[in-house]
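Taking it in order: structure first as structure tokens, then the write-up.
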Amino acid sequence: MKESPNIARVLLNLSLDRTFDYRIPESLCGRITAGMRVVVPFGRGDSEREAYVVAVGSDSVHGELKEIIRICEDHPALPPALLKIGEWMADYYCCAGELAVRTLLPGAVRSGKVKVKTKAFYFLNDMRKAANYIAENPRAKGRCAALKALMLRPGIEAEVLESESGASKAVLRELVRLELVTIEDRAIERNPFAGTELLRTEPLPPTDEQAAALKVIFERMEHPESGAPHVILLHGVTGSGKTEVYLQAIARAVEQGREAIVLVPEISLTPQTVERFRARFGDMVSVLHSGLTDGERYDEWMKVHNGKVKIAVGARSALFAPFRNLALIIVDEEHDTSYKQSEAPRYNARDVAVMRGKLENALVILGSATPSMESYYNAQKGKYTLCRLTKRSDPSILMPDVKIIDMRLEGNEEGKLPFLSKFLVQAVRERIARGEQSILFLNRRGFARQMTCDLCGYVAMCPDCSVAYTYHRKTQMLTCHLCASSREAPAVCPNCGSEHIRYSGAGTERIENISLDCFKGARIARMDSDSMTRPSLYAKVLSQFRRGELDILIGTQMIAKGLHFPNVTLVGIVNADMGLFLPDFRAAERSFQLLTQVAGRAGRGEVKGEVLVQTCTPFNPPLMYAANHDFEGFYSEEIAVREELKFPPFGHMMIVHFRGEDPAEILRTAAELMEKIRPKLDPETVVSDPAPAPIERVKGKYRFMATFRNGKLAPLRRALRREIYTVRRPEVEIYVDVDPISML
């Protein structure tokens with residue numbers, strides 16, 4: 001007879017990046033499986049700690065083992081496939097295993113503090129006894145009314161029963177005492193969709209290009225064993241109907257009794273996306289993102305865990321929805337940088353989606369009008385399958401005309417440039433006169449970029465970061481957008497006492513003020529992280545804009561993607577040069593993507609759209625390619641540069657960050673680490689030794705970075721992981737960013 005497994009390997013939440021073996025007591029044998037949360041004795045005095053079981057077996061290399069104390073019965077177990085993803089993330093993204101496992105669960109589920117919500121319900125014990133009581137006690141009107149209500153509808157919430165019957169709590173307690181009625185606490189789900197109307201939609205007839213894409217998708221879903229790539233890159237221009245393709249692909253997965261995950265890049269896009277998916281699939285959809293309350297997140301996750309829904313929609317963390325029969329993962333706007341997590345584990349949800357699809361035999365669809373260089377390169381090389389949507393879904397809706405405005409020609413006699421060109425001002429006025437809507441885009445919040453003194457040259461800098469304060473006129477504050485420190489804006493120069501203070505540059509707050517002055521009587525709203533402090537405000541402004549109650553919407557990248565407003569016929573890009581000249585090899589790619597996405601908001605209705613791009617570098621390649629809607633042209637030029645410099649997608653890249661308060665100590669620690677890991681370097685790896693980061697100081701700490709690209713990086717990753725988690729360096733924080741999105 002085969003011996004039953006009696007050893008459990010567990011991870012404790014201590015950032016030790018190692019597992020511990022425990023003996024399974026006889027009372028728990030056969031009950032403990034991988035993915036469960038248990039309580040174990042640990043450390044001096046055997047204090048109790050919670051841990052996750054990652055494996056169960058029959059042997060251990062260790063001698064005497066402590067026993068597991070108990071199972072955390074209230075905590076749901078993780079599916080085995082998710083545990084495999086956590087293990088892969090810890091290895092690939094060079095982080096502690098327990099950090100990766102923590103990421104698989106929302107905080108509301110992981111903490112154990114959120115409980116199932118219950119409400120009191122009343123039930124009749126016996127219909128005949130209730131009828132006899134009513135007949136024999138006609139003067140007990142309250143009790144009789146409550147009994148009659150329960151006879152018509154068994155199982156009524158306490159509040160509803162009190163309201164409908166007029167019976168008081170005392171009357172209901174008396175019915176319980178008489179054993180005519182029973183009161184029970186029953187679990188109810190918190191509903192993030194409460195109060196929203198649901199208008200169901202039906203599938204639309206696909207265009208020829210959509211039908212061709214769906215044919216490929218259906219074949220891959222139904223024959224995953226065919227050996228064809230399990231990833232499809234859906235490259236569709238803005239307005240080409242990518243969402244309809246997603247909806248029909250999900251419908252096929254659900255017909256097969258399987259499940260689907262849909263990722264969107266930001267919380268701000270989730271409500272609109274969820275609305276479209278619920279309109280098609282109703283209560284089969286669960287929403288998972290950090291904009292929900294803890295209780296709502298708990299209930300939505302448990303609906304997935306308990307098999308009550310087939311579709312999960314949300315931002316990055318929705319990727320870890322605990323489905324067990326996954327057919328499809330969709331990553332919308334796959335190029336978006338918000339899929340990359342900024343804290344450990346520093347994973348990219350797009351890439352983890354590709355790995356989860358591989359592990360669970362699920363199809364992965366990456367959708368974008370401006371695919372990342374990596375994804376398009378993989379499609380060109382045959383690693384992914386490329387499906388194209390080259391036209392808008394309605395053939396009568398044409399791509400907008402894009403015009404580049406050379407702002408160098410807009411200067412006044414002193415050479416000062418306006419923030420809004422005369423062409424843009426005139427175009428907005430024409431739209432207002434015709435009852436059409438406009439969007440003004442500037443990817444910088446606040447009123448002015450910095451405060452300077454014309455007399456002594458003083459610049460108001462954040463004392464803890466290597467950046468200037470941003471001026472916010474509404475609050476009369478200077479604020480650092482890196483560490484959030486702020487101070488009251490001075491009336492005179494703090495350095496020389498001069499009144500000649502100047503606020504240079506513009507943010508969305510300044511453009512809003514200029515617009516209120518330029519477009520008298522126009523209805524204007526601003527959307528950025530300063531004004532949209534709650535998700536409800538975001539939804540409110542978008543609803544107003546959709547209903548035509550606003551003429552102009554001003555915003556940052558928050559309004560750059562995913563929004564569909566047929567009456568928007570003009571998009572003005574206030575400063576297209578912003579972001580083009582950053583010390584980052586992805587600067588051109590990000591600028592092209594952002595401009596193309598913003599331009600795609602125009603002309604999605606019957607009237608052809610127009611996009612006005614303001615720039616001081618009108619012949620810059622990303623701007624020219626974006627103006628011509630020419631992704632292939634931009635890709636061809638940019639990929640040649642990447643290949644010459646050996647930047648991704650030609651090999652992987654990794655940055656090791658060093659952060660601390662003493663630059664000399666940082667450099668000493670960095671030199672020691674580099675010396676230890678050099679034997680692990682592949683000969684083809686290109687190394688940039690530790691040097692100050694482009695933004696050298698953030699939150700009072702100096703930042704240095706070493707970069708590694710090309711060659712085989714896996715041995716280096718594992719060596720770094722061991723060094724970081726086994727050697728204590730209290731003065732210097734070291735962390736690794738694999739496949740970095742930003743070099744800043």
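- With His652 as the fixed residue, the side chain to side chain donor-acceptor pair (under 3.5 Å) test singles out one of Thr685, Asn710, Asp739: Asp739.
- The distance from atom CG of Leu83 to atom CG of Leu104, rounded to the nearest 0.5 Å, is 7.0 Å.
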Subject >> Working for side chain to side chain contact (heavy atoms under 4.5 Å, CB included), residues Gln341 and Asn348 >> reply: CA-CA 6 Å; Gln341 178 155 292; Asn348 189 315; over 6 Å; no
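- For the atom pair CG (Asp21) and CD1 (Ile68), the distance works out to 10.0 Å, reported to the nearest 0.5 Å.
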Subject >> Worked verdict on Arg356 versus Leu326 for side chain to side chain contact (heavy atoms under 4.5 Å, CB included) >> reply: CA-CA 10 Å; Arg356 184 172 184 186; Leu326 194 60; 3.7 Å; yes
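- Salt-bridge annotation for Glu98 and Arg102: absent, with no side-chain N of the basic residue lying under 4.0 Å from a carboxylate O of the acidic one.
- Proximity of a side-chain donor or acceptor of Asp336 to a complementary backbone N or O of Ser338 within less than 3.5 Å is detected.
- Ala34 and Val56 make their closest contact through N-CG2, 4.0 Å (heavy atoms, listed as atom of the first residue, atom of the second, distance).
- Remark: Arg350 CZ to Ile329 CD1 distance equals 14.0 Å, nearest 0.5 Å.
- Closest approach of Leu263 and Ala315 over heavy atoms only: CD2-O, 3.6 Å.
- Contact check on Lys383 versus Glu374 returns no salt bridge, with no Lys/Arg side-chain nitrogen under 4.0 Å from an Asp/Glu carboxylate oxygen.
- Within the 4.5 Å cutoff, the side chain of Arg586 has no heavy atoms near those of the Thr337 side chain.
- Identified under the salt bridge (Lys or Arg N to Asp or Glu O under 4.0 Å) test for residues 681-706, with sequence neighbours left out: Arg678-Asp689.
- The CG atom of Leu681 lies 6.5 Å from the CE atom of Met674; values are rounded to the nearest 0.5 Å.
- Heavy-atom minimum distance, Arg324 versus Ala77: NH2-O, 4.1 Å.
- More than 12 heavy atoms of other residues, nucleotides or ligands shown are found within 6.0 angstrom of NZ on Lys66.
- Note that CD1 of Ile734 and OG1 of Thr669 are 6.5 Å apart. Values are rounded to the nearest 0.5 Å.
- Side-chain contact between Asp584 and Ser742 is present, with at least one heavy-atom pair separated by less than 4.5 Å.
- The local environment of CD in Glu64 is sparse, with at most 12 non-hydrogen atoms from other residues, nucleotides or ligands closer than 6.0 Å.
- Taking a cutoff of 4.0 Å between a charged side-chain nitrogen and a carboxylate oxygen, Lys84 and Glu360 do not qualify as a salt bridge.
- Ion pairing of Lys340 with Asp737 is present here, as a side-chain N (NZ or NE/NH1/NH2) and a carboxylate O approach within less than 4.0 Å.
- A donor-acceptor pair is defined here as one N or O able to donate and one able to accept, closer than 3.5 Å; no such pair exists between the side chain of Arg258 and the backbone of Val254.
- Between the CZ atom in Arg722 and the CD1 atom in Ile677 there is a gap of 11.5 Å [rounded to 0.5 Å].
- Taking the side chain as every heavy atom from C-beta outward, Pro322 and Leu78 never approach each other to under 4.5 Å.
- Listed for the Arg721 side chain is a donor-acceptor partner under 3.5 Å among the backbone atoms of Cys95.
- Under the 4.5 Å side-chain criterion, counting only non-hydrogen atoms from C-beta, Pro106 is not in contact with Phe320.
- The minimum heavy-atom distance linking Ile261 with Ala318 is given by the pair CG2-O, 3.6 Å.
- Counting non-hydrogen atoms of other residues, nucleotides and ligands closer than 6.0 Å to CZ of Arg9 gives a total of 12 or fewer.
- Glu334 and Ser375 share a side-chain donor-acceptor pair at under 3.5 Å.
- By the 6.0 Å contact criterion, CD on Glu159 is enclosed, its count of non-hydrogen atoms from other residues, nucleotides or ligands being greater than 12.
- Using a 4.5 Å cut-off on side-chain heavy atoms (C-beta onward), Val38 and Leu28 make no contact.
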Subject >> Step-by-step side chain to side chain contact (heavy atoms under 4.5 Å, CB included) determination, Arg18 to Tyr725 >> reply: CA-CA 9 Å; Arg18 57 168 294 196; Tyr725 289 105; over 6 Å; no
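- Scored by the salt bridge (Lys or Arg N to Asp or Glu O under 4.0 Å) test, Glu87 finds no partners at all (sequence neighbours excluded).
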Only distances under 3.5 Å count here; give the side-chain donor-acceptor pairs of residues 655-662 to other protein atoms, sequence neighbours excluded, each with its distance to 0.1 Å.
unit_1	atom_1	unit_2	atom_2	d
Arg659	NE	Glu733	OE1	3.0
Arg659	NH2	Glu733	OE1	2.8
Arg659	NH2	Glu733	OE2	3.0
Asp662	OD1	Ala664	N	3.0

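- Using a 4.0 Å cut-off between a side-chain N of Lys or Arg and a carboxylate O of Asp or Glu, Arg297 and Glu300 do not qualify as a salt bridge.
- In this structure, the side chains of Val352 and Tyr339 stay at 4.5 Å or more apart for every pair of heavy atoms.
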**OP:** Show your working on side chain to side chain contact (heavy atoms under 4.5 Å, CB included) between Tyr92 and Met355 and close with a plain yes or no.
**Re:** CA-CA 11 Å; Tyr92 187 80; Met355 179 54 66; over 6 Å; no
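- Counting heavy atoms from C-beta on, the side chains of Tyr22 and Phe42 come closer than 4.5 Å.
- Closest non-hydrogen pair, Met653 versus Pro740, comes out as O-CD, 3.5 Å.
- Residues Val738 and Leu713 have side chains not in contact (no heavy-atom distance under 4.5 Å, counting atoms from C-beta outward).
- The shortest heavy-atom contact between Ser368 and His335 is OG-ND1, 2.8 Å.
- For Arg729, the CZ atom is densely surrounded, since the number of other residues' heavy atoms within 6.0 Å is greater than 12.
- Counting heavy atoms of neighbouring residues, nucleotides and ligands inside a 6.0 Å radius, atom CD of Glu73 exceeds 12 of them.
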**OP:** Would you check, one step at a time, whether the test salt bridge (charged side-chain N to carboxylate O under 4.0 Å, His left out) holds for Glu672 with Arg668?
**Re:** CA-CA 6 Å; Glu672 288 178 0; Arg668 187 185 66 76; 2.5 Å; yes
